[in-house]
Visitor: 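What follows is a single structure, and I will ask about it in a moment.
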Number of protein chains: 2
Amino acid sequence: MSPLIQSFVLHFGEMGSRWGINRTVGQIYALLYVSEKPLNADEIAEELAFSRSNVSIGLKELQAWRLVKLQHFPGDRREYFSTPEDIWAIFRLLAEERQKREVEPTLTMLRGALMESPANAAERHAQARMQAMYDLIELITSWFAEIQKLDAETLQRLMKLGSRVQKLLQITQSLARFTHRDGGDKEAKAESRAARPDDDEPGTGGNEGEAR
Amino acid sequence: MSPLIQSFVLHFGEMGSRWGINRTVGQIYALLYVSEKPLNADEIAEELAFSRSNVSIGLKELQAWRLVKLQHFPGDRREYFSTPEDIWAIFRLLAEERQKREVEPTLTMLRGALMESPANAAERHAQARMQAMYDLIELITSWFAEIQKLDAETLQRLMKLGSRVQKLLQITQSLARFTHRDGGDKEAKAESRAARPDDDEPGTGGNEGEAR
DNA sequence: TCAAATTTTCAGAGTTTTTTGAAATTTGAA
DNA sequence: TTCAAATTTCAAAAAACTCTGAAAATTTGA
């Protein structure tokens, strides 16, 4: 393998470990990502000097993550693997899987904990903290899901806009205020409060957030 | 420890492993997060039934991530640890550290690989793929950095807006088009191209993106 | 149906990471 | 400066994870 590709592959092997993905899986994915054509398991094992069985397990894992596409060629019984060509599609896939595997279970656990009635001050405080975490995760992930719906072009434009989006928001706010006198201001206040759940006075009676 | 807090702590221990953070560190952080008051190392070791030395190592790691605050109480030599109260601040800290530890090194590796002149078709293709990845990471992280500059309230408003932001963008676009006839359209086209770098025709001569 | 090609499984060897207890070091007050 | 409290270091035990080779299972075409 050329040093160019090798350094890429090795880097993703290392990075994989930091992300709870093992080295083999990281390297296989990196190799497929830069490969010109789909590869079969033997080719991967050969290139990366891993045992055939290790590659088999790695590919299964990648399939479970929906990160590789499987295809066949006429007159060849072996399975060939490749990655999606559109890197946005890859990013989306990764985000969806992490949502399913990490975010959802966390939200479920938090919901469960928030259902309990607190037995003492410590539990009351813990629940307030959990509510803040729940709200943040909910906000970010549902926003992210919304954003995903946008077509690539709009998304691109939004990103290029960066923090200048603030100006845009100010415009709508003025517009809203103009249209129906007080509505805008009221809403802004309520949201600002939700954003920083820790300005709860401690000992006030915890778990004040909306029940879920 | 109450079952309520226990389930939270155990969950974060598990989740930690999936994120390349070890169980001890995950549990310590979770405990500090829900704790009413700062805790010292002995209290943590006691609550979580870890050895004192393990807690010491875990706390060092959390300090390296800037995720815990250290404080002292008068007349007590021990160090007490707590997490920031504002969960947005925690989120920001985490994002900054991951940027530094994972994103930056990846960008550096990619830049290095993109500097090389490709020796053959395979390398040319690999570089085109790496360029696409580089562009995506750059776009997302620089946008994220921009967004971070917004105050909590604006950010909140943006998130609540969700995909309705599209309408807002359409307004600015029409405005731009109105103000100086063709400018808006041209820009939109260029951006759309950058957004999906894989519509590069393969074999055209790779590495077409702007050199970095 | 068979048999060749291919993929998957799995026990166990190998490796890495985590955790511990004991010892060493650091710290702050007297 | 000394001393005891507090923290850190470190070698090694324990646990977790990775990887392999051999064998089993599956698939496909004749």
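Residue numbers begin at 1 in each chain, while the letters A, B, ... track the order of the sequences. In this text, all values refer to a predicted model and were calculated from it rather than measured experimentally.
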Visitor: Distance check needed: dT28(D) P versus Arg78(A) CZ, whole Å only.
Guide: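 Taking atom P of dT28(D) as the reference, CZ of Arg78(A) is at 15 Å.
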Visitor: Rounded to the Å, how far apart are Glu61(B) CD and dT8(D) P?
Guide: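 Atom-to-atom, Glu61(B) to dT8(D), this comes out as 14 Å.
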Visitor: Kindly express the pairing pattern of DNA chain D in dot-bracket notation, using | wherever a base pairs with another strand and counting only Watson-Crick or G-U pairs under 3.5 Å.
Guide: ||||||||||||||||||||||||||||||
Visitor: Rounding to an integer number of Å, can you tell me how far Asp42(A) CG sits from dA5(C) P?
Guide: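 Answer to the nearest Å: 12 Å.
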Visitor: Which residue in the set Val68(B), Leu67(B), Ile90(B) passes side-chain contact (heavy atoms from CB on, under 4.5 Å) when paired with Pro84(B)?
Guide: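 Going through the options one by one, the only one that passes is Ile90(B).
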Visitor: Does a donor on one side chain and an acceptor on the other come within less than 3.5 Å for Ser51(A) and Asn54(A)?
Guide: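 Side chains of Ser51(A) and Asn54(A): no pair found under 3.5 Å.
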Visitor: Check this for me, if you would: do Glu96(A) and Arg66(A) make a salt bridge, where the nitrogen-to-carboxylate-oxygen distance has to be below 4.0 angstrom?
Guide: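 Between Arg66(A) and Glu96(A) there is a salt bridge, with a charged N closer than 4.0 Å to a carboxylate O.
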Visitor: Just do the salt bridge (charged side-chain N to carboxylate O under 4.0 Å, His left out) check on Lys100(A) and Glu104(A) with the steps written out, would you?
Guide: CA-CA 5 Å; Lys100(A) 193 161 64 192; Glu104(A) 291 300 352; over 6 Å; no
Visitor: Mind telling me whether Tyr33(B) and Phe8(B) have parallel, tilted or perpendicular rings, with 30° and 60° as the class edges?
Guide: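 If you compare the ring of Phe8(B) with that of Tyr33(B), the planes turn out parallel.
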Visitor: Once you round it to whole Å, what is the distance between P of dT8(D) and CD1 of Ile44(B)?
Guide: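 Computing the Ile44(B):CD1 to dT8(D):P distance gives 11 Å.
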Visitor: Say you draw a straight line from CH2 of Trp19(B) to CZ of Arg18(A); how long is it, rounded to the nearest 0.5 Å?
Guide: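 Interatomic distance, Trp19(B) CH2 to Arg18(A) CZ, rounded to 0.5 Å: 14.0 Å.
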Visitor: Send over the distance from Glu79(A) CD to dA5(C) P, rounded to a whole Å.
Guide: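 Taking CD of Glu79(A) and P of dA5(C), I get 17 Å after rounding.
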Visitor: Can you give one letter per nucleotide of nucleotides 13-30 of chain C, 5' to 3': B if a protein heavy atom sits under 4.0 Å from the base, S if only from the sugar-phosphate, - if neither?
Guide: -----SSBB-----BB--
Visitor: So does Ser56(B) get a side-chain nitrogen or oxygen closer than 4.0 Å to the phosphate oxygens (OP1/OP2) of dT7(D)?
Guide: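 No, no such contact exists.
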Visitor: Separation of Asp76(B) atom CG from dA6(D) atom C1', in whole Å?
Guide: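 Value for this atom pair: 10 Å.
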Visitor: Answer with yes or no whether the side chains of Arg129(B) and Thr83(A) bring together a donor and an acceptor at under 3.5 Å.
Guide: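 On atom types as modelled, these side chains qualify, holding a pair under 3.5 Å.
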Visitor: Quick check: do Leu59(A) and Val55(A) have side-chain heavy atoms less than 4.5 Å from each other?
Guide: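 They are in contact (side-chain heavy atoms under 4.5 Å apart), so the answer is yes.
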Visitor: Would you say Lys60(A) places a side-chain N or O within less than 4.0 Å of OP1 or OP2 belonging to dT7(C)?
Guide: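 Answer no for this pair, as no side-chain N or O of Lys60(A) is under 4.0 Å from OP1 or OP2.
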Visitor: Between Glu123(B) (side chain) and Ala119(B) (backbone), is there a donor-acceptor pair under 3.5 Å?
Guide: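 Looks like yes, one N/O pair under 3.5 Å.
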Visitor: Please state how far atom CZ in Arg18(B) lies from atom P in dA16(D), giving the value in whole angstrom units.
Guide: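 Rounded to the whole Å, the gap is 16 Å.
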